[in-house]
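Just below is one structure, and these are the notes that go with it.
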Amino acid sequence: MVSKGYATVIRYRQDDDQRASCYDDLLSAEAKAIKSAKGLHNKKETPIHRVADISSDVGKAKGFLPFLQRAGRTEAVVEFVASGSRVRLFIPRETCLITFLLAGISCPRATRPAPGGVGGTLPGESYGEEALALTKNLVLQREVEIEVDSMDKGGNFIGWLHVENKNLSVLLVEEGLSSVHFTAESSKFYHLLTAAQDSAKAKKLNIWANFVEEEKEDKAEETVSERKVDYKPMMIATVTREGVLYGQYCSEGPALEQMMDNLRTEFESKPPLGGAYSPKRGDLCAAQFTDGLWYRAKVEKVAGSNVSVRYIDYGNREVTQSLKCASLPGSFSSAPPYAHELHLALVKFSKDDDYVDDALQLLMGEVMEREVLVNREYRNGGFDFVTIQRADTKADVARTLLSQGLLLLDERKDKRLQSLVSEYRSAQEEAKRKHLSIWQYGDVTDDDAHEFGMER
(Lines give C-alpha, C1' and ligand atoms only; values in the text may rest on other atoms or scores of the structure.)
Protein backbone atom coordinates (compact mmCIF):
# COMPACT_ATOMS: atom_id res chain seq x y z
CA MET A 1 0.00 0.00 0.00
CA VAL A 2 2.73 2.47 0.99
CA SER A 3 4.94 1.65 -2.01
CA LYS A 4 2.04 2.39 -4.38
CA GLY A 5 1.30 5.71 -2.69
CA TYR A 6 -2.02 4.56 -1.25
CA ALA A 7 -0.97 5.16 2.38
CA THR A 8 1.58 7.12 4.42
CA VAL A 9 3.73 6.07 7.39
CA ILE A 10 2.98 7.33 10.90
CA ARG A 11 6.17 8.79 12.41
CA TYR A 12 7.54 7.55 15.74
CA ARG A 13 10.50 8.60 17.86
CA GLN A 14 13.52 6.38 17.58
CA ASP A 15 13.12 5.13 21.14
CA ASP A 16 9.35 4.52 20.86
CA ASP A 17 8.44 0.89 21.53
CA GLN A 18 5.22 1.24 19.51
CA ARG A 19 7.11 1.22 16.23
CA ALA A 20 6.53 -1.74 13.94
CA SER A 21 9.39 -4.16 13.40
CA CYS A 22 9.33 -3.25 9.68
CA TYR A 23 9.29 0.51 10.36
CA ASP A 24 12.48 1.15 8.36
CA ASP A 25 11.11 -0.82 5.40
CA LEU A 26 7.95 1.26 5.49
CA LEU A 27 9.96 4.50 5.44
CA SER A 28 12.00 3.20 2.52
CA ALA A 29 8.84 2.26 0.60
CA GLU A 30 7.35 5.69 1.27
CA ALA A 31 10.53 7.43 0.07
CA LYS A 32 10.37 5.49 -3.21
CA ALA A 33 6.69 6.35 -3.65
CA ILE A 34 7.42 10.04 -3.09
CA LYS A 35 10.31 9.95 -5.55
CA SER A 36 8.14 8.24 -8.17
CA ALA A 37 5.21 10.58 -7.46
CA LYS A 38 2.80 7.70 -6.98
CA GLY A 39 -0.71 7.92 -5.59
CA LEU A 40 -1.03 10.52 -2.82
CA HIS A 41 2.35 11.97 -3.73
CA ASN A 42 1.34 12.80 -7.28
CA LYS A 43 0.90 16.58 -7.42
CA LYS A 44 -1.04 16.47 -10.65
CA GLU A 45 -4.75 17.06 -10.51
CA THR A 46 -6.63 13.83 -9.84
CA PRO A 47 -8.56 12.76 -12.95
CA ILE A 48 -12.34 12.73 -12.70
CA HIS A 49 -13.86 9.29 -13.20
CA ARG A 50 -17.41 9.52 -14.46
CA VAL A 51 -19.66 6.54 -13.83
CA ALA A 52 -22.83 6.12 -15.90
CA ASP A 53 -25.75 4.70 -13.93
CA ILE A 54 -27.95 2.91 -16.45
CA SER A 55 -29.76 0.76 -13.88
CA SER A 56 -32.78 3.07 -13.94
CA ASP A 57 -32.61 4.18 -17.58
CA VAL A 58 -34.44 1.71 -19.84
CA GLY A 59 -33.41 3.55 -23.01
CA LYS A 60 -29.71 3.40 -22.21
CA ALA A 61 -30.03 -0.21 -21.08
CA LYS A 62 -31.61 -1.21 -24.42
CA GLY A 63 -28.75 0.43 -26.30
CA PHE A 64 -26.19 -1.31 -24.11
CA LEU A 65 -27.77 -4.80 -24.30
CA PRO A 66 -26.41 -5.93 -27.72
CA PHE A 67 -22.88 -4.99 -26.72
CA LEU A 68 -23.02 -6.99 -23.47
CA GLN A 69 -24.53 -9.99 -25.26
CA ARG A 70 -21.72 -10.02 -27.84
CA ALA A 71 -19.02 -9.44 -25.24
CA GLY A 72 -19.48 -12.87 -23.66
CA ARG A 73 -17.97 -13.07 -20.18
CA THR A 74 -17.46 -9.58 -18.81
CA GLU A 75 -15.64 -8.63 -15.62
CA ALA A 76 -17.64 -6.73 -12.99
CA VAL A 77 -17.67 -5.85 -9.28
CA VAL A 78 -20.72 -6.45 -7.08
CA GLU A 79 -21.63 -3.11 -5.45
CA PHE A 80 -24.85 -4.14 -3.70
CA VAL A 81 -26.94 -7.27 -3.12
CA ALA A 82 -30.70 -6.64 -3.04
CA SER A 83 -31.79 -10.28 -2.85
CA GLY A 84 -30.45 -13.75 -3.49
CA SER A 85 -30.84 -13.32 -7.25
CA ARG A 86 -30.66 -9.54 -7.70
CA VAL A 87 -27.42 -7.53 -7.54
CA ARG A 88 -26.06 -4.15 -8.57
CA LEU A 89 -22.85 -4.31 -10.60
CA PHE A 90 -20.09 -1.94 -11.60
CA ILE A 91 -18.49 -2.77 -14.96
CA PRO A 92 -14.99 -1.19 -14.89
CA ARG A 93 -14.39 -1.56 -18.61
CA GLU A 94 -17.42 0.60 -19.41
CA THR A 95 -17.48 2.60 -16.13
CA CYS A 96 -21.19 1.96 -15.70
CA LEU A 97 -23.58 0.60 -13.08
CA ILE A 98 -26.26 -1.96 -13.94
CA THR A 99 -28.88 -4.04 -12.16
CA PHE A 100 -28.35 -7.75 -12.81
CA LEU A 101 -30.78 -10.65 -12.29
CA LEU A 102 -29.67 -14.28 -12.13
CA ALA A 103 -31.04 -16.37 -14.99
CA GLY A 104 -32.48 -19.86 -14.83
CA ILE A 105 -33.76 -19.85 -11.24
CA SER A 106 -36.69 -18.84 -9.04
CA CYS A 107 -35.25 -17.42 -5.82
CA PRO A 108 -37.30 -16.46 -2.73
CA ARG A 109 -37.14 -12.74 -1.92
CA ALA A 110 -36.01 -11.33 1.42
CA THR A 111 -37.68 -8.52 3.38
CA ARG A 112 -37.42 -5.36 1.28
CA PRO A 113 -38.46 -1.68 1.37
CA ALA A 114 -41.95 -0.92 0.10
CA PRO A 115 -42.02 0.61 -3.40
CA GLY A 116 -42.80 4.26 -4.03
CA GLY A 117 -40.79 5.60 -1.10
CA VAL A 118 -43.83 5.46 1.23
CA GLY A 119 -41.86 3.83 4.02
CA GLY A 120 -42.31 0.46 5.63
CA THR A 121 -41.22 -2.91 4.34
CA LEU A 122 -42.63 -5.85 2.44
CA PRO A 123 -42.39 -9.22 4.19
CA GLY A 124 -39.92 -11.69 2.76
CA GLU A 125 -40.59 -15.20 1.51
CA SER A 126 -39.47 -18.39 3.19
CA TYR A 127 -35.70 -18.83 2.95
CA GLY A 128 -35.39 -15.42 1.28
CA GLU A 129 -33.09 -14.15 4.04
CA GLU A 130 -30.89 -17.24 3.77
CA ALA A 131 -30.58 -16.80 0.00
CA LEU A 132 -29.69 -13.13 0.48
CA ALA A 133 -27.06 -14.02 3.09
CA LEU A 134 -25.48 -16.68 0.85
CA THR A 135 -25.25 -14.34 -2.14
CA LYS A 136 -23.79 -11.54 0.01
CA ASN A 137 -21.22 -13.89 1.46
CA LEU A 138 -20.16 -15.15 -1.96
CA VAL A 139 -20.09 -12.03 -4.13
CA LEU A 140 -20.50 -8.70 -2.27
CA GLN A 141 -17.61 -6.34 -3.10
CA ARG A 142 -15.91 -9.08 -5.11
CA GLU A 143 -14.80 -9.33 -8.69
CA VAL A 144 -17.08 -11.56 -10.74
CA GLU A 145 -17.78 -12.40 -14.38
CA ILE A 146 -21.17 -12.08 -16.04
CA GLU A 147 -22.80 -13.38 -19.23
CA VAL A 148 -25.83 -11.35 -20.31
CA ASP A 149 -28.66 -13.22 -22.06
CA SER A 150 -31.52 -10.70 -22.10
CA MET A 151 -33.18 -7.77 -20.37
CA ASP A 152 -36.55 -7.25 -18.70
CA LYS A 153 -38.94 -4.35 -19.32
CA GLY A 154 -37.49 -2.45 -16.36
CA GLY A 155 -34.02 -2.25 -17.89
CA ASN A 156 -32.55 -4.97 -15.65
CA PHE A 157 -30.10 -7.32 -17.35
CA ILE A 158 -30.65 -11.07 -17.00
CA GLY A 159 -27.85 -13.62 -17.26
CA TRP A 160 -25.27 -15.77 -15.50
CA LEU A 161 -22.87 -14.66 -12.79
CA HIS A 162 -19.64 -16.53 -12.11
CA VAL A 163 -17.55 -16.13 -8.96
CA GLU A 164 -14.27 -18.03 -8.79
CA ASN A 165 -15.40 -19.98 -11.88
CA LYS A 166 -18.59 -21.14 -10.12
CA ASN A 167 -22.08 -20.32 -11.41
CA LEU A 168 -24.03 -18.49 -8.68
CA SER A 169 -27.38 -19.77 -10.00
CA VAL A 170 -26.12 -23.35 -9.63
CA LEU A 171 -24.74 -22.63 -6.13
CA LEU A 172 -28.10 -21.29 -4.92
CA VAL A 173 -29.96 -24.30 -6.35
CA GLU A 174 -27.34 -26.63 -4.86
CA GLU A 175 -28.00 -25.21 -1.38
CA GLY A 176 -31.76 -25.61 -1.76
CA LEU A 177 -32.29 -21.83 -1.80
CA SER A 178 -33.65 -21.61 -5.34
CA SER A 179 -35.49 -23.81 -7.82
CA VAL A 180 -34.85 -24.25 -11.52
CA HIS A 181 -37.00 -21.99 -13.72
CA PHE A 182 -38.39 -23.37 -16.99
CA THR A 183 -36.48 -20.71 -18.96
CA ALA A 184 -33.25 -22.56 -18.09
CA GLU A 185 -34.15 -25.43 -20.43
CA SER A 186 -32.59 -23.68 -23.42
CA SER A 187 -29.39 -22.69 -21.60
CA LYS A 188 -26.01 -24.41 -21.56
CA PHE A 189 -26.23 -24.69 -17.75
CA TYR A 190 -29.51 -26.62 -17.66
CA HIS A 191 -27.94 -30.01 -16.90
CA LEU A 192 -25.90 -28.50 -14.05
CA LEU A 193 -28.98 -26.80 -12.60
CA THR A 194 -31.16 -29.90 -12.76
CA ALA A 195 -28.42 -32.06 -11.24
CA ALA A 196 -28.01 -29.52 -8.41
CA GLN A 197 -31.77 -29.44 -7.81
CA ASP A 198 -32.03 -33.23 -7.72
CA SER A 199 -29.22 -33.29 -5.17
CA ALA A 200 -30.90 -30.64 -3.01
CA LYS A 201 -34.21 -32.49 -3.18
CA ALA A 202 -32.57 -35.76 -2.14
CA LYS A 203 -30.94 -34.02 0.85
CA LYS A 204 -34.17 -32.11 1.63
CA LEU A 205 -32.27 -28.84 1.90
CA ASN A 206 -34.10 -25.61 2.83
CA ILE A 207 -37.00 -25.07 0.37
CA TRP A 208 -37.11 -28.83 -0.23
CA ALA A 209 -37.33 -29.72 3.50
CA ASN A 210 -40.93 -30.92 3.17
CA PHE A 211 -40.69 -32.08 -0.41
CA VAL A 212 -42.30 -35.42 -1.16
CA GLU A 213 -41.46 -37.13 -4.43
CA GLU A 214 -44.62 -37.72 -6.41
CA GLU A 215 -45.16 -41.24 -7.59
CA LYS A 216 -44.84 -41.44 -11.30
CA GLU A 217 -47.52 -43.45 -12.99
CA ASP A 218 -46.80 -45.06 -16.26
CA LYS A 219 -49.66 -43.96 -18.45
CA ALA A 220 -49.89 -44.96 -22.04
CA GLU A 221 -49.89 -41.88 -24.19
CA GLU A 222 -52.87 -41.60 -26.46
CA THR A 223 -50.73 -40.18 -29.22
CA VAL A 224 -47.01 -40.80 -29.64
CA SER A 225 -45.11 -37.99 -31.29
CA GLU A 226 -43.06 -39.16 -34.22
CA ARG A 227 -39.39 -38.55 -34.72
CA LYS A 228 -38.85 -35.55 -36.97
CA VAL A 229 -36.50 -36.34 -39.84
CA ASP A 230 -35.12 -33.37 -41.73
CA TYR A 231 -31.54 -34.03 -42.77
CA LYS A 232 -29.65 -30.92 -43.90
CA PRO A 233 -26.35 -30.87 -45.79
CA MET A 234 -23.39 -29.64 -43.77
CA MET A 235 -19.60 -29.45 -43.92
CA ILE A 236 -17.86 -30.44 -40.68
CA ALA A 237 -14.93 -28.11 -40.05
CA THR A 238 -13.63 -29.33 -36.68
CA VAL A 239 -13.82 -32.39 -34.42
CA THR A 240 -12.49 -31.79 -30.89
CA ARG A 241 -10.77 -34.21 -28.55
CA GLU A 242 -14.06 -34.49 -26.63
CA GLY A 243 -15.90 -35.58 -29.77
CA VAL A 244 -17.69 -32.26 -30.21
CA LEU A 245 -18.23 -31.33 -33.85
CA TYR A 246 -18.37 -27.87 -35.40
CA GLY A 247 -19.90 -27.54 -38.84
CA GLN A 248 -21.37 -25.09 -41.31
CA TYR A 249 -24.67 -25.66 -43.06
CA CYS A 250 -24.15 -25.69 -46.80
CA SER A 251 -27.03 -23.23 -47.18
CA GLU A 252 -24.97 -20.70 -45.22
CA GLY A 253 -21.84 -21.27 -47.29
CA PRO A 254 -22.29 -18.38 -49.76
CA ALA A 255 -22.94 -15.90 -46.93
CA LEU A 256 -19.84 -17.12 -45.07
CA GLU A 257 -17.66 -16.83 -48.18
CA GLN A 258 -18.97 -13.33 -48.88
CA MET A 259 -18.30 -12.22 -45.32
CA MET A 260 -14.76 -13.68 -45.36
CA ASP A 261 -14.01 -11.93 -48.67
CA ASN A 262 -15.21 -8.62 -47.24
CA LEU A 263 -13.22 -9.14 -44.04
CA ARG A 264 -10.00 -9.82 -45.91
CA THR A 265 -10.55 -6.88 -48.21
CA GLU A 266 -11.07 -4.68 -45.14
CA PHE A 267 -7.80 -5.79 -43.55
CA GLU A 268 -5.86 -5.56 -46.81
CA SER A 269 -7.01 -1.97 -47.35
CA LYS A 270 -6.64 -1.01 -43.67
CA PRO A 271 -3.90 -3.18 -42.11
CA PRO A 272 -4.15 -3.17 -38.30
CA LEU A 273 -1.41 -1.49 -36.32
CA GLY A 274 0.46 -4.08 -34.26
CA GLY A 275 -0.06 -3.62 -30.53
CA ALA A 276 -2.91 -1.13 -30.96
CA TYR A 277 -5.45 -3.69 -29.73
CA SER A 278 -5.28 -5.28 -26.27
CA PRO A 279 -7.33 -8.51 -26.26
CA LYS A 280 -9.46 -9.30 -23.22
CA ARG A 281 -11.24 -12.49 -22.34
CA GLY A 282 -14.70 -12.58 -23.88
CA ASP A 283 -13.82 -10.14 -26.68
CA LEU A 284 -14.99 -10.78 -30.23
CA CYS A 285 -11.98 -9.83 -32.35
CA ALA A 286 -10.13 -10.63 -35.56
CA ALA A 287 -7.20 -13.06 -35.37
CA GLN A 288 -4.59 -13.92 -37.96
CA PHE A 289 -4.41 -17.67 -38.54
CA THR A 290 -1.30 -19.62 -39.54
CA ASP A 291 -2.28 -19.17 -43.22
CA GLY A 292 -1.76 -15.40 -42.79
CA LEU A 293 -5.46 -14.61 -43.25
CA TRP A 294 -7.77 -12.89 -40.76
CA TYR A 295 -10.80 -14.61 -39.20
CA ARG A 296 -13.42 -13.75 -36.60
CA ALA A 297 -12.44 -15.12 -33.18
CA LYS A 298 -13.56 -15.19 -29.55
CA VAL A 299 -10.89 -14.55 -26.91
CA GLU A 300 -11.07 -17.34 -24.30
CA LYS A 301 -7.93 -16.65 -22.26
CA VAL A 302 -5.11 -14.11 -22.08
CA ALA A 303 -1.77 -15.02 -20.46
CA GLY A 304 0.81 -12.33 -21.10
CA SER A 305 1.35 -12.10 -24.85
CA ASN A 306 -0.30 -15.49 -25.43
CA VAL A 307 -3.97 -15.37 -26.40
CA SER A 308 -6.24 -18.42 -26.60
CA VAL A 309 -8.92 -17.91 -29.24
CA ARG A 310 -11.72 -19.91 -30.84
CA TYR A 311 -12.50 -19.16 -34.47
CA ILE A 312 -16.27 -18.79 -34.26
CA ASP A 313 -16.98 -19.56 -37.92
CA TYR A 314 -14.96 -22.79 -38.01
CA GLY A 315 -14.86 -24.02 -34.40
CA ASN A 316 -11.11 -24.62 -34.11
CA ARG A 317 -9.02 -23.23 -31.27
CA GLU A 318 -5.51 -21.81 -31.24
CA VAL A 319 -3.04 -20.10 -28.94
CA THR A 320 -1.75 -17.06 -30.82
CA GLN A 321 0.10 -13.84 -30.01
CA SER A 322 -1.61 -10.60 -29.03
CA LEU A 323 0.14 -8.88 -31.96
CA LYS A 324 -1.84 -11.19 -34.27
CA CYS A 325 -5.16 -10.01 -32.83
CA ALA A 326 -6.98 -6.89 -33.94
CA SER A 327 -10.20 -5.06 -33.24
CA LEU A 328 -13.07 -6.45 -35.33
CA PRO A 329 -14.83 -3.79 -37.42
CA GLY A 330 -18.40 -3.25 -36.23
CA SER A 331 -19.93 -4.34 -39.54
CA PHE A 332 -18.60 -7.88 -38.99
CA SER A 333 -19.68 -8.37 -35.37
CA SER A 334 -23.44 -8.61 -35.87
CA ALA A 335 -23.50 -11.81 -37.98
CA PRO A 336 -23.97 -14.94 -35.81
CA PRO A 337 -21.20 -17.57 -35.74
CA TYR A 338 -21.34 -19.86 -38.77
CA ALA A 339 -19.83 -22.81 -36.91
CA HIS A 340 -22.60 -24.77 -35.16
CA GLU A 341 -21.67 -26.92 -32.16
CA LEU A 342 -23.00 -30.47 -32.47
CA HIS A 343 -22.97 -33.61 -30.30
CA LEU A 344 -23.71 -37.14 -31.49
CA ALA A 345 -27.12 -38.31 -30.26
CA LEU A 346 -27.66 -41.49 -28.21
CA VAL A 347 -23.97 -42.40 -27.99
CA LYS A 348 -21.05 -41.71 -25.67
CA PHE A 349 -17.32 -42.31 -25.70
CA SER A 350 -15.43 -44.85 -23.63
CA LYS A 351 -13.27 -43.57 -20.79
CA ASP A 352 -10.33 -45.56 -22.13
CA ASP A 353 -8.09 -43.12 -24.03
CA ASP A 354 -6.98 -45.76 -26.54
CA TYR A 355 -10.55 -46.39 -27.66
CA VAL A 356 -11.29 -42.66 -27.68
CA ASP A 357 -8.37 -42.10 -30.05
CA ASP A 358 -9.58 -44.88 -32.35
CA ALA A 359 -13.15 -43.54 -32.26
CA LEU A 360 -12.04 -39.98 -33.07
CA GLN A 361 -9.86 -41.20 -35.92
CA LEU A 362 -12.75 -43.11 -37.52
CA LEU A 363 -15.20 -40.26 -36.80
CA MET A 364 -12.99 -37.72 -38.55
CA GLY A 365 -12.52 -40.11 -41.45
CA GLU A 366 -16.29 -40.39 -41.82
CA VAL A 367 -17.21 -36.68 -41.61
CA MET A 368 -14.22 -34.48 -42.48
CA GLU A 369 -13.57 -33.07 -45.97
CA ARG A 370 -16.88 -34.31 -47.33
CA GLU A 371 -20.52 -33.28 -47.28
CA VAL A 372 -22.63 -34.93 -44.59
CA LEU A 373 -26.34 -34.86 -43.71
CA VAL A 374 -27.33 -33.73 -40.21
CA ASN A 375 -30.64 -34.18 -38.37
CA ARG A 376 -31.24 -32.61 -34.96
CA GLU A 377 -32.79 -35.25 -32.69
CA TYR A 378 -33.05 -33.37 -29.39
CA ARG A 379 -31.58 -30.54 -27.34
CA ASN A 380 -30.03 -31.05 -23.93
CA GLY A 381 -28.14 -28.64 -21.70
CA GLY A 382 -28.29 -25.98 -24.37
CA PHE A 383 -26.59 -28.19 -26.98
CA ASP A 384 -27.90 -29.81 -30.17
CA PHE A 385 -27.64 -33.60 -30.32
CA VAL A 386 -27.74 -34.92 -33.88
CA THR A 387 -27.53 -37.94 -36.10
CA ILE A 388 -25.16 -37.69 -39.06
CA GLN A 389 -25.25 -39.56 -42.36
CA ARG A 390 -22.65 -39.62 -45.08
CA ALA A 391 -24.11 -37.85 -48.10
CA ASP A 392 -22.66 -40.41 -50.53
CA THR A 393 -23.65 -43.70 -48.86
CA LYS A 394 -26.40 -42.52 -46.45
CA ALA A 395 -24.65 -44.59 -43.77
CA ASP A 396 -25.33 -43.42 -40.21
CA VAL A 397 -21.98 -42.38 -38.71
CA ALA A 398 -22.82 -43.20 -35.08
CA ARG A 399 -24.15 -46.61 -36.10
CA THR A 400 -20.91 -47.27 -37.98
CA LEU A 401 -18.84 -46.49 -34.89
CA LEU A 402 -21.14 -48.57 -32.67
CA SER A 403 -20.81 -51.55 -35.01
CA GLN A 404 -17.02 -51.20 -34.80
CA GLY A 405 -17.15 -51.26 -31.00
CA LEU A 406 -15.82 -47.72 -30.67
CA LEU A 407 -18.82 -46.03 -29.03
CA LEU A 408 -21.31 -46.93 -26.31
CA LEU A 409 -25.07 -46.62 -26.58
CA ASP A 410 -26.50 -43.83 -24.39
CA GLU A 411 -30.20 -44.67 -24.24
CA ARG A 412 -33.04 -42.17 -23.81
CA LYS A 413 -36.64 -42.93 -22.94
CA ASP A 414 -38.19 -40.63 -25.55
CA LYS A 415 -40.72 -42.79 -27.38
CA ARG A 416 -40.13 -40.98 -30.65
CA LEU A 417 -36.50 -42.14 -30.57
CA GLN A 418 -37.08 -45.79 -29.75
CA SER A 419 -36.73 -47.04 -33.32
CA LEU A 420 -33.37 -45.27 -33.56
CA VAL A 421 -32.32 -46.60 -30.14
CA SER A 422 -33.24 -50.12 -31.28
CA GLU A 423 -31.18 -49.70 -34.45
CA TYR A 424 -28.18 -48.48 -32.47
CA ARG A 425 -28.59 -51.28 -29.91
CA SER A 426 -28.46 -53.86 -32.71
CA ALA A 427 -25.21 -52.32 -33.98
CA GLN A 428 -23.73 -52.46 -30.47
CA GLU A 429 -24.81 -56.08 -29.98
CA GLU A 430 -23.12 -56.94 -33.28
CA ALA A 431 -19.85 -55.45 -31.99
CA LYS A 432 -20.26 -57.40 -28.72
CA ARG A 433 -20.70 -60.71 -30.55
CA LYS A 434 -17.55 -60.06 -32.57
CA HIS A 435 -15.62 -58.84 -29.50
CA LEU A 436 -14.56 -55.67 -31.31
CA SER A 437 -12.52 -52.92 -29.61
CA ILE A 438 -14.34 -51.98 -26.39
CA TRP A 439 -15.90 -55.45 -26.25
CA GLN A 440 -12.75 -57.49 -26.88
CA TYR A 441 -12.81 -58.77 -23.28
CA GLY A 442 -16.55 -59.29 -23.14
CA ASP A 443 -19.48 -57.22 -21.88
CA VAL A 444 -18.14 -54.48 -19.61
CA THR A 445 -21.21 -52.26 -19.38
CA ASP A 446 -22.45 -53.58 -16.06
CA ASP A 447 -20.49 -55.14 -13.17
CA ASP A 448 -17.13 -54.85 -14.92
CA ALA A 449 -17.64 -51.28 -16.10
CA HIS A 450 -15.55 -49.55 -13.46
CA GLU A 451 -12.82 -52.19 -13.56
CA PHE A 452 -12.27 -51.62 -17.26
CA GLY A 453 -12.64 -47.83 -17.09
CA MET A 454 -15.96 -47.80 -18.87
CA GLU A 455 -19.06 -45.74 -18.16
CA ARG A 456 -21.89 -47.63 -16.56
Side-chain angles (χ1 to χ4, degrees), residues 50-55 57-76 89-98 100 145-151 155-160 237 246 248-249 251-289 291-302 305 307-318 320-341:
R50 303 187 185 278
V51 177
D53 186 355
I54 63 174
S55 59
D57 192 322
V58 179
K60 286 184 179 179
K62 284 182 178 178
F64 203 54
L65 176 62
F67 169 77
L68 282 178
Q69 288 175 321
R70 290 195 299 267
R73 285 203 179 191
T74 302
E75 294 179 354
L89 301 174
F90 171 63
I91 302 179
R93 182 176 173 182
E94 302 302 322
T95 60
C96 68
L97 290 167
I98 66 171
F100 190 83
E145 291 181 324
I146 60 169
E147 294 178 83
V148 174
D149 282 351
S150 59
M151 184 186 79
N156 304 308
F157 295 98
I158 304 171
W160 310 94
Y246 289 89
Q248 304 134 346
Y249 286 107
S251 59
E252 298 175 345
L256 173 60
E257 291 178 7
Q258 182 64 52
M259 187 201 68
M260 292 307 303
D261 289 341
N262 294 339
L263 181 63
R264 288 161 188 167
T265 301
E266 176 80 15
F267 277 90
E268 286 173 3
S269 61
K270 300 176 184 177
L273 181 63
Y277 169 70
S278 298
K280 294 182 180 179
R281 185 170 60 177
D283 280 0
L284 185 61
C285 69
Q288 192 174 31
F289 192 53
D291 59 4
L293 300 176
W294 292 89
Y295 298 84
R296 297 195 304 168
K298 180 79 170 290
V299 178
E300 296 187 326
K301 182 180 179 181
V302 179
S305 61
V307 183
S308 299
V309 299
R310 177 173 62 84
Y311 295 97
I312 65 171
D313 298 311
Y314 296 88
N316 55 312
R317 288 177 167 84
E318 181 190 36
T320 185
Q321 298 296 305
S322 57
L323 290 175
K324 292 188 176 181
C325 296
S327 179
L328 185 68
S331 57
F332 297 97
S333 60
S334 58
Y338 284 97
H340 300 270
E341 181 175 336

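Basis for what follows: all heavy atoms, side chains included, without hydrogens, waters or symmetry-related copies.
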pair L328-R296: side-chain heavy atoms closer than 4.5 Å: yes
Any donor-acceptor N/O pair, Q248 side chain to A237 backbone, under 3.5 Å: no
Side chain to side chain contact (heavy atoms under 4.5 Å, CB included) partner of V148, the single match among W160, F100, F64: F100
Aromatic contact, H340 with Y246 (centres under 6.0 Å): no
Donor-acceptor under 3.5 Å (Q69 side chain, D149 main chain): yes
Heavy-atom check, side chain of R70 versus side chain of S333, under 4.5 Å: yes
From OG (S322) to OH (Y277), nearest 0.5 Å: 10.0 Å
Pairs satisfying side-chain hydrogen bond (donor to acceptor under 3.5 Å, both in side chains), at least one member in residues 264-273, at least two apart: R264-Y295
Residue pair W294 / P272, side-chain heavy-atom distance below 4.5 Å: yes
All side-chain contact (heavy atoms from CB on, under 4.5 Å) counterparts of D261, not counting sequence neighbours: none
Value rounded to 0.5 Å, distance of CE in M260 from CG in L293: 7.5 Å
Exercise: identify the closest heavy-atom pair between P279 and V307: CG-CG2, 3.7 Å
Other residues, nucleotides, ligands: >12 heavy atoms within 6.0 Å of Q288 CD: yes
pair I98-L89: side-chain heavy atoms closer than 4.5 Å: yes
Modelled atom types, side-chain donor and acceptor of Q321 and S305, under 3.5 Å: yes
Residue pair Y338 / P336, side-chain heavy-atom distance below 4.5 Å: no
Distance in Å, L256 CG paired with S251 OG, rounded so as to fall on 0.5 Å steps: 11.0 Å
Note, I54 side chain near F157 side chain (heavy atom, < 4.5 Å): yes
Point-to-point distance, once rounded to the nearest 0.5 Å, from CD of E257 to CG of N262: 12.0 Å
CD1 on I91 to CG on L68, rounded to 0.5 Å: 5.0 Å
Heavy-atom donor-acceptor pair, T95 side chain to P92 backbone, under 3.5 Å: no
Check: M259 and D313 side chains under 4.5 Å, non-hydrogen atoms: yes
Distance in Å, S331 OG paired with L263 CG, rounded so as to fall on 0.5 Å steps: 8.5 Å
Within-4.5 Å side-chain heavy-atom neighbours: V299 and C285: yes
Carboxylate-amine/guanidinium contact D283 R93, below 4.0 Å: yes
